[in-house]
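Each ligand, and each atom within it, is numbered from 1 in the order the structure gives.
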Amino acid sequence: MSDISRRSFFKFLTLTAGATLVTHASNNDSSLHTLHKTKLLEKNSKQKRVVVVGGGIGGLTVAENIKANDPKNEIEVIILERNSHYFACPMSNTLFGEIKEVEDEKIPFIYTYNKAEKNHNIDVIITEMIDADVSKKMITTTLGTIEYDYVVVAPGIDYNYKKLFPTWSSEKIRRATKETPAAMFADSGKEKYILLDQLHAWKEEGGEGYFVIVPPKGGKVRCKPASYERACMVSEYIKKYNLPGKVYILDNASSPKAKGPVFIDIFIKEHRDTIVFNGMSATEMENRIKKAGFTLENFKKKANFSKVTDFFATCSIEDVDFDKKEIQFHYADSFDDDGKQDSLKYAIANIIPYHRGNKTAELFDVKRDAWGGVICAPNKIYSVSDSTVYVAGDIIGYHKFDPSAQASSTVGMLTGESIAKRILHGKDEIDFTKVGITCFSMVSTAPLKAIEISKTIVVTKEGLAKSDKTKLSIREGMGLIGWYQAMVETPFKY
Ligand SMILES: Cc1cc2nc3c(=O)[nH]c(=O)nc-3n(C[C@H](O)[C@H](O)[C@H](O)COP(=O)(O)OP(=O)(O)OC[C@H]3O[C@@H](n4cnc5c(N)ncnc54)[C@H](O)[C@@H]3O)c2cc1C
């Protein structure tokens with residue numbers, strides 16, 4: 001960052017009484033700034049200011065694309081991000097599988113904001129947003145207040161443990177986050193590394209028993225296939241180290257909730273002895289496919305698969321005993337079975353609760369849906385109740401984009417361009433049909449294979465953008481690595 005922009009950055013902050021430490025992303029620990037009480041200065045009247053809340057894939061992509069469409073530097077873009085570094089979730093499940101190609105390509109998962117700031121003339125302030133006053137166009141952070149002309153709300157998701165376990169105390173929820181973390185957050189990778197440490201310790205202790213994965217029970221979920229991809233990657237680890245243990249997917253649905261038939265096919269063919277789905281081994285799943293009247297060749301067809309899953313078991317989690325390391329659940333052997341209570345001991349458990357919109361979005365006095373998403377105006381990517389409040393990433397409401405890096409990135413590019421054009425040329429347009437959604441799940445290492453799903457977007461006559469045609473295929477896994485480099489690595493590094 002230049003000295004001029006560094007100076008102007010200090011001007012933005014109205015600090016609370018006393019000395020405060022400010023970490024600026026373009027400075028490392030050696031250059032923490034000690035600021036004293038500073039008077040809020042007027043915004044630079046020559047520049048419009050866009051404040052982006054959340055420096056994840058959505059927020060960062062919007063910020064960079066505003067600047068990419070601002071050749072005369074007439075727009076000031078500032079990101080507020082609470083973590084000094086970002087842990088990228090997409091493809092991070094491959095860390096469980098210790099994939100050689102990912103290691104060979106030296107794929108990073110942890111990023112600072114130094115390069116993004118330098119390459120795109122944006123400022124990233126490491127601070128947490130704690131309040132907002134949309135009537136005054138003012139945001140309060142842990143460092144002080146900042147005014148905006150436009151704000152982009154991009155804080156990602158939160159977990160909703162209370163919906164999954166309504167009777168749990170906050171202490172029990174806290175234990176879940178520490179002992180059986182969901183690892184679906186960009187929380188600097190904290191939860192992911194807890195699980196990875198548990199996996200490595202398990203191997204050292206002999207690797208017996210189950211690595212249980214409980215996918216979210218339903219609702220709008222960030223990257224729906226992620227839990228099944230994770231199962232495949234842990235299975236690869238088990239195979240690599242020849243461990244006696246297995247992955248146990250404990251799911252309230254009778255097939256994976258995304259890319260279902262293809263995942264079942266992969267579990268049977270690539271993870272025969274290492275993945276158990278709702279109590280069913282690969283052989284048991286094959287038997288049930290036969291019982292339904294199909295073969296391994298034809299069961300994946302849509303009409304056939306819906307009949308097959310009537311013969312598949314379900315396991316609906318009800319409680320967890322962290323001391324005994326035991327999960328209680330309701331087991332039903334097939335669609336026609338009333339089921340019974342059951343329990344399962346785990347060596348490691350990855351329990352993923354319902355998701356919800358990040359609570360940071362609640363600080364803006366704008367309309368939100370029941371999930372917590374900010375409701376956009378038809379044909380727009382800003383709030384229906386305040387056209388200066390834009391959204392990016394998983395928090396987008398009204399439009400039906402699957403919460404994903406791909407949607408955060410592609411919609412984010414259009415959003416950045418749209419904001420710049422509105423500010424610079426008074427043109428308020430966005431064409432959602434330019435968005436293409438592609439999502440990969442890495443499913444095996446030898447050979448390296450990924451399941452790809454791609455979707456096109458249509459806009460209804462009500463101005464609602466949603467996915468249209470969907471294509472599902474198995475691809476060579478290097479496709480995922482290339483996708484990751486383009487979607488995730490690029491905004492942070494180039
Ligand atoms: C294991 C896993 C695998 C995945 N795989 C894929 C995949 O293959 N393909 C795909 O398309 N997607 C995938 N995803 C989904 C993808 O990672 C998310 O959809 C995407 O990161 C959403 O971007 P976002 O900007 O909305 O949120 P995030 O990337 O989570 O960024 C939000 C940022 O906001 C910050 N923030 C929140 N509140 C505040 C506050 N009050 N003040 C300041 N900062 C704040 C957070 O610290 C965070 O950095 C995967 C996710 C996971 C967990």
- Query: What atoms in ligand 1 come closer than 4.0 Å to a heavy atom of Phe440?
  - Reply: 8 (O)
- Query: Are any side-chain N or O atoms of Ser235 and backbone N or O atoms of Thr274, one a donor and one an acceptor, separated by less than 3.5 Å?
  - Reply: no
- Please could you name the atoms of ligand 1 that Gly56 approaches to less than 4.0 Å, counting only its heavy atoms? 25 (O), 29 (O), 31 (O), 33 (C)
- Angle class for the Phe401/Phe432 ring planes (parallel below 30°, perpendicular above 60°, tilted otherwise)? tilted
- Query: Taking atom 51 (C) of ligand 1 as the point of reference, which of Pro225, Cys89, Pro155, Ala88 owns the nearest heavy atom?
  - Reply: Cys89
- Query: Would you call the rings of Tyr159 and Tyr161 parallel, tilted or perpendicular if under 30° counts as parallel and over 60° as perpendicular?
  - Reply: perpendicular
- Could you tell me whether some N/O pair between Gln406 and ligand 1 is separated by less than 3.5 angstrom? yes
- In this structure, which one of Ile453, Ile457, Thr470 forms a side chain to side chain contact (heavy atoms under 4.5 Å, CB included) with Ile437? Ile457
- Item | Heavy atom of the protein closest to atom 16 (C) of ligand 1 (residue, atom name, distance) | Ala405 N, 3.5 Å
- Item | Ligand-residue contact atoms, ligand 1 with Met184, heavy atoms, under 4.0 Å | 52 (C), 53 (C)
- Answer with yes or no whether Ile130 contacts ligand 1, where contact means a heavy atom under 4.0 Å from a ligand atom. no
- Message: Suppose I only count heavy atoms of Ala154 and a 4.0 Å limit; which atoms of ligand 1 are within that range?
- Response: 32 (C), 33 (C), 34 (O)
- Task: Nearest heavy atom to atom 1 (C) of ligand 1 wins, so pick from Lys192, Arg82, Met487, Glu128.
- Result: Lys192
- Note on the structure: Ranked by distance from atom 29 (O) of ligand 1, the top protein heavy atom is Tyr86 OH, 2.4 Å
- Message: Under a 3.5 Å cutoff, is there a donor and acceptor pairing between the side chains of Lys471 and Ser454?
- Response: no
- Looking at Cys223, which atoms of ligand 1 are within less than 4.0 Å of one of its heavy atoms? 4 (C), 5 (N), 6 (C), 7 (C), 13 (C), 14 (N), 15 (C), 50 (C), 51 (C)
- Query: How far is atom 17 (O) of ligand 1 from its nearest protein heavy atom, and which residue and atom is that?
  - Reply: Pro90 CD, 3.3 Å
- salt bridge (Lys or Arg N to Asp or Glu O under 4.0 Å) filter on Arg82, not counting sequence neighbours, yields Glu128
- heavy-atom search around atom 26 (O) of ligand 1 in the protein gives Asp394 N, 2.9 Å
- Message: If the test is side chain to side chain contact (heavy atoms under 4.5 Å, CB included), which one of Leu414, Val62, Ile396, Val152 qualifies with Ile381?
- Response: Ile396
- Task: Taking the six-membered ring of Phe305 (Phe, Tyr or Trp), confirm whether the NZ or CZ of Lys300 is under 6.0 Å from its centre and within 45° of its axis.
- Result: no
- Note on the structure: Near Ile57 (heavy-atom distance under 4.0 Å), the atoms of ligand 1 are 21 (O), 25 (O), 29 (O)
- Cation over ring face, Arg422 and Tyr382, 6.0 Å, 45°: yes
- Item | With Asp251, the salt bridge (Lys or Arg N to Asp or Glu O under 4.0 Å) member among Lys224, Lys257, Lys217 | Lys257
- Query: Quick one: which of Phe96, Trp483, Tyr484 has a heavy atom closest to atom 7 (C) of ligand 1?
  - Reply: Trp483
- Query: Can you tell me if NZ on Lys466 sees more than 12 non-hydrogen neighbours from other groups inside 6.0 Å?
  - Reply: no
- Which residue and non-hydrogen atom of the protein lie closest to atom 49 (O) of ligand 1, and at what distance in Å? Glu81 OE1, 2.7 Å
- So which protein heavy atom does atom 28 (P) of ligand 1 come closest to, and at what separation? Arg222 NH2, 3.5 Å
- Within the structure, does Gly54 bring an N/O atom to less than 3.5 angstrom of an N/O atom in ligand 1? no
- Query: How far is atom 25 (O) of ligand 1 from its nearest protein heavy atom, and which residue and atom name does that atom have?
  - Reply: Gly58 N, 2.8 Å
- Query: Which of the atoms of ligand 1 are close to Pro403, meaning less than 4.0 Å from one of its heavy atoms?
  - Reply: 19 (O)
- Query: What's the shortest distance from atom 41 (N) of ligand 1 to any protein heavy atom, and which residue and atom give it?
  - Reply: Thr360 OG1, 2.9 Å
- Would you check whether Ser404 has a nitrogen or oxygen atom less than 3.5 angstrom from a nitrogen or oxygen atom of ligand 1? yes
- Task: Check each atom of ligand 1 against the heavy atoms of Leu80 and keep those under 4.0 Å away; list them by number with element.
- Result: 43 (C), 44 (N)
- Query: Does the Asn93 side chain pair with the main chain of Ala226, one donor and one acceptor, at a distance under 3.5 Å?
  - Reply: yes
- Task: State whether the shortest distance between N or O atoms of Ile395 and N or O atoms of ligand 1 falls below 3.5 angstrom.
- Result: no
- Is it the case that Lys246 places NZ or CZ above or below the six-membered ring of Tyr210, under 6.0 angstrom from the centre and within 45 degrees of the axis? no
